[in-house]
Amino acid sequence: MKPVIVTANLIVGKDGSTSISGSSTPLSTQEDRERFQALRLKNDLILIGGNTARREPYKKTPIPLYILTHTKVRLQPKNQLAKQFSLSIKEMISEIGNKFEGGKEVINLLVEAGPSLLTQMISDSLIDQFYLTINLELTGDNQISISDLTSSFELVESEIVGSCEFRVYKKLAK
């Protein structure tokens, strides 16, 4: 099995909201989208949950897209790089380590999941690095606690650009 380095990316509003009217897209800014795209290009594949697949625009991705869901998701138009799996998150990471094609010795997995899957992965200590964008001006729906979300990480970088704070965390050594 190849090692899998797991990176997560999430944007929230200043109140910890993860969406506005059911989507995270309205929380994003141009600078956030540029950083988001650059982060995607540093990774080998993207992992999302079924709820994210249903609510966010994943019609096209620059790298393979794995959807972890127990209910079939229909992307319209169909993303040719998308595959769906009905596994536990630990089984999914094991599957990626055992079967992902890409010719690399280490697989870089980018998790773009919503708060439900992301908090489960954090509590299971599966996230190695965490990119968190906080929109300092907007509020929305589905609030989460930023301090709870980041309690098992060390803040290694923080920068404010325009209306967003960009934070980078690394998993705390045990």
Side-chain angles (χ1 to χ4, degrees), residues 1-12 18-19 22-25 28 32-33 35-133 142 144-146 148-154 156 167-174:
M1 178 171 144
K2 294 180 184 178
V4 179
I5 296 174
V6 182
T7 300
N9 185 55
L10 182 70
I11 186 166
V12 297
T18 59
S19 62
S23 175
S24 64
T25 304
S28 186
D32 175 60
R33 284 186 290 277
R35 289 173 186 241
F36 177 68
Q37 293 302 328
L39 186 58
R40 279 182 162 186
L41 296 176
K42 293 178 185 176
N43 286 276
D44 300 308
L45 71 149
I46 299 166
L47 176 68
I48 62 174
N51 285 336
T52 298
R54 290 189 250 319
R55 292 188 173 109
E56 304 288 347
Y58 279 90
K59 297 172 216 146
K60 188 176 181 183
T61 53
I63 56 179
L65 174 68
Y66 283 16
I67 304 169
L68 190 59
T69 182
H70 299 292
T71 314
K72 196 86 168 149
V73 176
R74 181 172 285 144
L75 299 176
Q76 295 296 331
K78 185 170 173 48
N79 181 331
Q80 298 300 319
L81 297 176
K83 293 181 182 178
Q84 295 186 38
F85 299 86
S86 179
L87 303 168
S88 74
I89 187 58
K90 289 181 180 180
E91 290 170 332
M92 181 79 256
I93 291 174
S94 180
E95 178 83 6
I96 290 167
N98 286 322
K99 296 188 178 172
F100 182 73
E101 303 290 328
K104 293 184 169 184
E105 292 302 313
V106 175
I107 300 164
N108 293 295
L109 170 64
L110 178 60
V111 178
E112 296 179 4
S116 177
L117 182 57
L118 188 59
T119 53
Q120 177 189 346
M121 292 182 74
I122 289 171
S123 69
D124 289 345
S125 197
L126 299 174
I127 306 291
D128 299 303
Q129 43 190 2
F130 182 33
Y131 288 76
L132 179 66
T133 302
N142 200 21
I144 57 171
S145 166
I146 295 170
D148 288 351
L149 195 67
T150 58
S151 65
S152 59
F153 295 94
E154 172 188 6
V156 294
R167 296 180 183 177
V168 181
Y169 294 88
K170 299 276 187 205
K171 182 168 43 175
L172 289 171
K174 289 190 176 186

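Counting begins at 1 with the first residue of the sequence.
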If you measure from [atom1] on [X] to [atom2] on [Y], what distance do you get to the nearest 0.5 Å?
| X | Y | atom1 | atom2 | value |
| --- | --- | --- | --- | --- |
| Ile67 | Asn51 | CD1 | CG | 11.5 Å |
| Lys104 | Lys2 | NZ | NZ | 10.0 Å |
| Ile96 | Ile107 | CD1 | CD1 | 7.5 Å |
| Ser23 | Arg54 | OG | CZ | 14.5 Å |

Under 3.5 Å, side chain of [X] to main-chain N/O of [Y], donor-acceptor pair present?
| X | Y | answer |
| --- | --- | --- |
| Thr52 | Ala113 | no |
| Ser28 | Thr25 | no |
| Asn43 | Leu39 | yes |

TODO: State whether the number of non-hydrogen atoms from other residues, nucleotides or ligands found under 6.0 Å of Gln37 atom CD is greater than 12.
DONE: yes
Task: Test item: side-chain donor near acceptor, Asn79 and Thr61, under 3.5 Å - done: yes
Open item on the list: Under a 3.5 Å threshold, yes or no: a donor from one side chain and an acceptor from the other, between Thr18 and Asn142?
Closed with: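 Checked: Thr18/Asn142 side chains pair up, N/O donor to acceptor below 3.5 Å.
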What is the minimum heavy-atom distance between [X] and [Y], and which atoms define it?
| X | Y | answer |
| --- | --- | --- |
| Ile144 | Pro115 | CG2-CB, 3.7 Å |
| Pro62 | Leu41 | CB-CD2, 4.1 Å |
| Gly22 | Arg55 | O-CD, 3.2 Å |
| Asp44 | Val106 | OD2-O, 3.8 Å |
| Leu172 | Ser151 | CD1-O, 3.8 Å |

Open item on the list: Using the salt bridge (charged side-chain N to carboxylate O under 4.0 Å, His left out) criterion, which residues pair with Arg40? Sequence neighbours excluded.
Closed with: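 Expected list: Glu112.
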Task: Partners passing salt bridge (charged side-chain N to carboxylate O under 4.0 Å, His left out) against Lys90 (at least two apart in sequence or in another chain) - done: none
In the structure I gave you, are the side-chain heavy atoms of [X] and [Y] within less than 4.5 Å of one another anywhere?
| X | Y | value |
| --- | --- | --- |
| Leu47 | Ile89 | yes |
| Met121 | Val111 | yes |
| His70 | Ser86 | yes |
| Ile63 | Ile46 | yes |
| Lys83 | Pro64 | no |

- [ ] For the pair Ile127 and Phe153, evaluate side chain to side chain contact (heavy atoms under 4.5 Å, CB included) and give the outcome as yes or no after the intermediate values.
- [x] CA-CA 9 Å; Ile127 306 291; Phe153 295 94; 3.8 Å; yes
TODO: May I have the step-by-step check of side chain to side chain contact (heavy atoms under 4.5 Å, CB included) for Leu10 and Leu149, ending in yes or no?
DONE: CA-CA 11 Å; Leu10 182 70; Leu149 195 67; 3.7 Å; yes
Open item on the list: Set out, in order, the CA-CA distance, both residues' side-chain angles and the distance that settles side chain to side chain contact (heavy atoms under 4.5 Å, CB included) for Thr7 and Lys42, then state yes or no.
Closed with: CA-CA 10 Å; Thr7 300; Lys42 293 178 185 176; over 6 Å; no
Task: Worked check of side chain to side chain contact (heavy atoms under 4.5 Å, CB included) between Arg167 and Ile146 - done: CA-CA 11 Å; Arg167 296 180 183 177; Ile146 295 170; 3.8 Å; yes
Open item on the list: Students often mix this up, so state it plainly: with edges at 30° and 60°, are the rings of Phe100 and Tyr66 parallel, tilted or perpendicular?
Closed with: perpendicular
